[in-house]
There are 2 protein chains.
Amino acid sequence: MKRNTWQRESVRDSLAGIGGFISAQALHAALRAGGSPIGLATVYRTLADLAAIGEADSLQSPDGEALYRACSSGEHHHHLICRHCGRTVEIGAAEVESWAQRVAAENGFVDAAHVVDIFGWCAQCADEASGVEDASSARRAPGAADATGAV
Amino acid sequence: MKRNTWQRESVRDSLAGIGGFISAQALHAALRAGGSPIGLATVYRTLADLAAIGEADSLQSPDGEALYRACSSGEHHHHLICRHCGRTVEIGAAEVESWAQRVAAENGFVDAAHVVDIFGWCAQCADEASGVEDASSARRAPGAADATGAV
DNA sequence: AGGTTATTGATAATGATTGTCAAATAGAGC
DNA sequence: GCTCTATTTGACAATCATTATCAATAACCT
């Protein structure tokens with residue numbers, strides 16, 4: 001059975017307090033900075049638990065760190081991430097959910113999890129970059145996105 | 001200036017030959033298995049370069065590995081990947097393409113690339129595991145996949 | 001061909017994450 | 001309130017992918 005420990009509460013609370021995404025390492029550091037003697041392994045375990053029961057979201061940052069965020073809504077959603085400034089927009093995607101489940105089932109796959117994220121340049125970064133990135137933006141024109149960067 | 005070495009060609013070629021996503025480690029192992037004495041660090045560097053100039057896609061697998069794929073084929077598709085045996089099924093997803101473009105546009109994002117992959121257990125691996133993984137598979141029933149692994 | 005300099009590769013270093021296991025403790029039952 | 005026991009914790013070791021180091025090599029310009 002699951003026990004309620006102050007450590008678990010502590011992780012849950014501070015994750016909710018952060019609001020956005022944070023790495024396990026950073027959350028541990030924040031807790032320690034706040035005077036808590038919580039252990040690093042416990043933070044990892046708790047975050048993994050929270051993610052497993054749906055109380056937290058997790059995603060892999062581009063440099064391979066796992067990031068977590070309190071998932072107040074309980075809603076499952078995906079992210080639209082600016083690959084320049086890191087701004088993140090949450091997007092719901094009922095159509096994608098059902099598509100993923102259907103495709104997995106059609107191919108005999110079970111316990112399907114999907115990775116669905118969209119990376120792009122947010123309006124602001126695109127504006128700022130347009131003056132200096134001519135060659136690059138020509139190569140990666142919007143129309144070519146599917147062929148080049150899309151996965 | 002960029003120099004053309006057989007190592008670079010080798011990585012480029014075998015990545016294209018693979019067709020799907022592969023980790024740097026796995027690609028290195030494949031090259032070595034094919035008789036090439038290429039170094040691991042070189043594979044990492046070359047893949048990072050290819051990704052930087054747009055000749056390769058990269059994505060983070062759920063367990064934190066970086067996966068790469070050649071993106072010159074012109075054909076854009078996604079993957080259904082068995083997280084146990086690695087079997088990969090290519091899946092087309094016209095509906096997801098248009099969804100991704102629409103969502104990005106609605107939020108002012110340009111040059112949008114999407115990461116859409118489904119990880120699961122293929123029928124065969126699920127069968128083999130069912131005898132020993134009862135508790136686990138009950139905990140991670142198909143219906144719970146969205147809450148647990150999806151991002 | 002010769003010289004410059006980017007590239008390579010063996011290995012060490014890094015950094016995140018997970019495994020280990022004895023000690024602490026939450027919660028059930030008395 | 002007190003005991004008991006299974007769960008949880010935490011310090012530390014182990015693991016794994018990735019990156020840095022740096023001497024040796026090899027591409028490319030002239």
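All values derive from a computational prediction rather than experimental measurement. In what follows, chains are A, B, ... by sequence order, proteins preceding strands, each numbered from 1.
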Under 4.0 Å protein heavy-atom contact, by nucleotide of nucleotides 3-15 of chain C - B base, S sugar-phosphate only: --BBSBBB-----
Between D:dA17 (C1') and B:L67 (CG): distance, integer Å: 12 Å
Earlier contact from the 5' end, DNA chain D, for B:Q60 and B:N4: B:Q60
A:E9 CD - C:dT25 C1' separation (whole Å): 15 Å
Value in whole Å for how far the P atom of D:dT9 lies from NE2 of A:H28: 13 Å
Name the atoms and distances for all side-chain donor-acceptor pairs under 3.5 Å in residues 26-33 of chain B, with sequence neighbours left out.
unit_1	atom_1	unit_2	atom_2	d
B:H28	NE2	B:I38	O	3.1
B:H28	NE2	B:L40	N	3.3
B:R32	NE	B:I38	O	2.7
B:R32	NH2	B:I38	O	3.0

Rounded distance (Å) that lies between atom P of D:dA17 and atom CG of B:L27: 14 Å
Value rounded to 0.5 Å, distance of CD1 in B:I118 from CZ in A:F109: 9.5 Å
Atom of B:Q101, atom of B:A112 and distance for their closest heavy-atom approach: NE2-O, 3.8 Å
Separation between CG of A:N107 and CZ of A:R102, rounded to the nearest 0.5 Å: 10.5 Å
CG-CD1 distance between B:D13 and B:I18, expressed to the nearest 0.5 angstrom: 11.5 Å
B:Y44 side chain near D:dT18 phosphate (N/O to OP1/OP2, under 4.0 Å): yes
Nearest non-hydrogen partners of B:Q60 and A:Q60, listed with the distance: CB-CB, 3.6 Å
